[in-house]
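Every chain is numbered from 1 and lettered A, B, ... according to where its sequence line falls, protein lines coming before strand lines.
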Amino acid sequence: MTAVTRFAPSPTGLLHIGGARTALFNWLFARRYGGRFLLRIEDTDRRRSTEEAVAAILDGLAWLGLDPDEPPSYQFERRARHAEVANAMLEAGAAYRCYAGPKELEAMRTAATSRGERFRYDGLWRDRDPAEAPVGAAFAIRLKAPRAGETIIHDLVQGDVCVANTELDDMVLLRADGTPTYMLSVVVDDHDMGVTHVIRGDDHLNNAFRQALVFEAMDWPLPAFAHIPLIHGPDGAKLSKRHGALGVAAYREMGLLPEAVCNYLLRLGWSHGDAEIISTEEAITWFGLEAVGRSPARFDREKLESVNAHYLRAVDDDRLLALLEPFLARPPDEAGRARLRAGLPALRPRAKTLVEFAELAAFYAASRPVVPDAKAARLLDAKGARALLARYATALEDTAWAEAALEAATRAFATSEDIGLGRVAQPARAALTGRTASPGLFEVLAALGREEALGRLRDAADSLPTGPRRHIVPSGASERTKAR
RNA sequence: GACCCCAUCGUCUAGAGGUUAGGACACCACCCUUUCAAGGUGGAGACACGGGUUCGAUCCCCGUUGGGGUCGCCA
């Protein structure tokens, strides 16, 4: 089988998470069956389509690595072809001219609503003698839909879905201004592009019936349909602005990795046994529409971040460093970058996102003097802490600068001071990182390097108490000054 | 409201007539421990309800309830 799939977004907003998943499934399906994945920008709504939205879609797909196999096509450019098909249908008697104006349609709609019915065009001009048409008036071309029987879609995900043709109305194919509607354009384009599998959101399932009618009217082969369940927000309703329907760019800014986003999205509505972390290669060999679930899934940010944490550990150092820099408050200097690189391994299991990672890594990138946060300051201001750090720095001076040796030296120092390891580790951590929580002390010391580490220790030993009320105290009295 | 779709732990899901109903995220406890993580061990936690079919239903059928989607000369 040679599959041709397509992703067909309308450029009226961001590439949101649902669209991204639709694109992913289409991309995967094409890869799986050695076919082609196409991108079609459905920009026939001229008022709402924007250049920025097109750019956002292209950028988003590129970031996710879901590149189309051919340059994107733009639906509006094919309007002449669409009109041609509409006219062919008119010729064939599969469509007719409708002269009903907006006011008449509105009346129909309100009448239907008041009767508690679903609005359907009532076929006013369907069988009317064209001779009665107002001369020179604008007309729309409507599909002459069957009025009896039923239409069945053999959906690859939803199964056979059947609807009575009385539910379907004579939809507009070509507007009064001569532009094609979505319903027409989609069918013509899917046919002309040779699309074999239409994989899209469940919200299009109802459209599939109408589109099937057009395929039928033109005697074109029907593509296979696969309507995948929508992604819902935490409250169970379709993901929308309400939940902050974010573009994929927002996920990048949250510090998420594209491979993590793809992995998470893949598992939303599709599964392969107990597999959770799935590489792209595995996804391509495993993916299939038969394993796509039928029920909608809720978006869970925590799980996404957990998947991201997993991928964060696997990113190689160079890429991670590059990824991290935009998230750092200020770009590190050469030495800072080297410290950061050395500190990477111990940081990896501690961050779920690049934002968190950058936050945790800041102390490596920053240069002296380290400014302690409130809790760290309290530790440093504790009685005897600064003097202890001074002695500790001295004790480390001749130590070989490697984790094991540093640990041995530190333990020996604690023993000589007759205190527990924590009593020296905690203030040292505060001096070294400015925080009370950090990677292990010895990892930090090693990554910082001898000069920087001893410098930071002595900076803290030499500085004055940093409590909220900073008074200048006579030297020697500092130990009695309580930080409160 | 009409039409269509859906229904297993809080969430994502495995399961395709017989299972102690499995895994993941989150949660709780313990272990490890210089802090925070990570890791390890353990725990709590689900088949919406009612009828069928069957020797036997999470699984098949019907209904109920609940949730969702669609009802444009938007896409």
Atom pairs, N/O to N/O, protein against nucleotides 43-47 of chain B, distance under 3.5 Å?
none

Does A/Ala309 have any side chain to side chain contact (heavy atoms under 4.5 Å, CB included) partners at least two apart in sequence or in another chain, and if so, which? A/Lys352
Given B/C36, B/A38, B/U70, which nucleotide is nearest the side-chain atoms of A/Pro349? B/A38
Could you tell me if the side chain of A/Leu328 sits less than 4.5 Å from the side chain of A/Tyr364, heavy atoms only? no
Check side chain to side chain donor-acceptor pair (under 3.5 Å) between A/Asp459 and all other residues, then give those that pass, not counting sequence neighbours. A/Arg368
Table please: side-chain donor-acceptor pairs of residues 414-430 of chain A below 3.5 Å, with sequence neighbours left out.
residue, atom, partner, partner atom, Å
A/Thr415, OG1, A/Arg411, O, 2.9
A/Ser416, OG, A/Phe413, O, 2.6
A/Glu417, OE1, A/Arg391, NH2, 3.0
A/Glu417, OE2, A/Arg391, NE, 2.8
A/Gln426, OE1, A/Arg429, NE, 2.9
A/Arg429, NH1, A/Ser438, OG, 2.9
A/Arg429, NH1, A/Pro439, O, 3.1

Who is the Watson-Crick or G-U wobble partner of B/G50, with both distances under 3.5 Å? B/C62
For nucleotides 60-68 of chain B, just jot down a letter per nucleotide in 5' to 3' order: B, S or -, based on protein non-hydrogen atoms under 4.0 Å. --------S
Identify which nucleotide among B/A38, B/C73, B/A75 has an atom closest to any side-chain atom of A/Ala176, counting heavy atoms from C-beta outward. B/C73
B/G1: pairing nucleotide in any strand, Watson-Crick or G-U under 3.5 angstrom: B/C71
If the cut-off is 4.0 Å, is A/Thr44 near the phosphate of B/A75, judged by side-chain N/O to OP1 or OP2? yes
Are there any protein N/O atoms within less than 3.5 Å of an N/O atom in nucleotides 22-26 of chain B, and if so, which ones and at what distance?
residue, atom, partner, partner atom, Å
B/G22, N2, A/Asp274, OD1, 2.9
B/G23, N2, A/Glu276, OE2, 2.9
B/A24, O4', A/Glu276, OE2, 3.4
B/A24, O2', A/Lys303, NZ, 3.3
B/A24, N3, A/Lys303, NZ, 2.9

Side chains of A/Tyr96 and A/Asp170: any donor to acceptor distance under 3.5 Å? yes
Which nucleotide, B/A2, B/A38, B/U35, lies nearest any side-chain atom of A/Arg313? B/A38
Would you call A/Arg40 and A/Asp190 a salt bridge, taking side-chain N to carboxylate O under 4.0 Å as the test? yes
side-chain N/O A/Arg429 vs B/U33 OP1/OP2, d < 4.0 Å: no
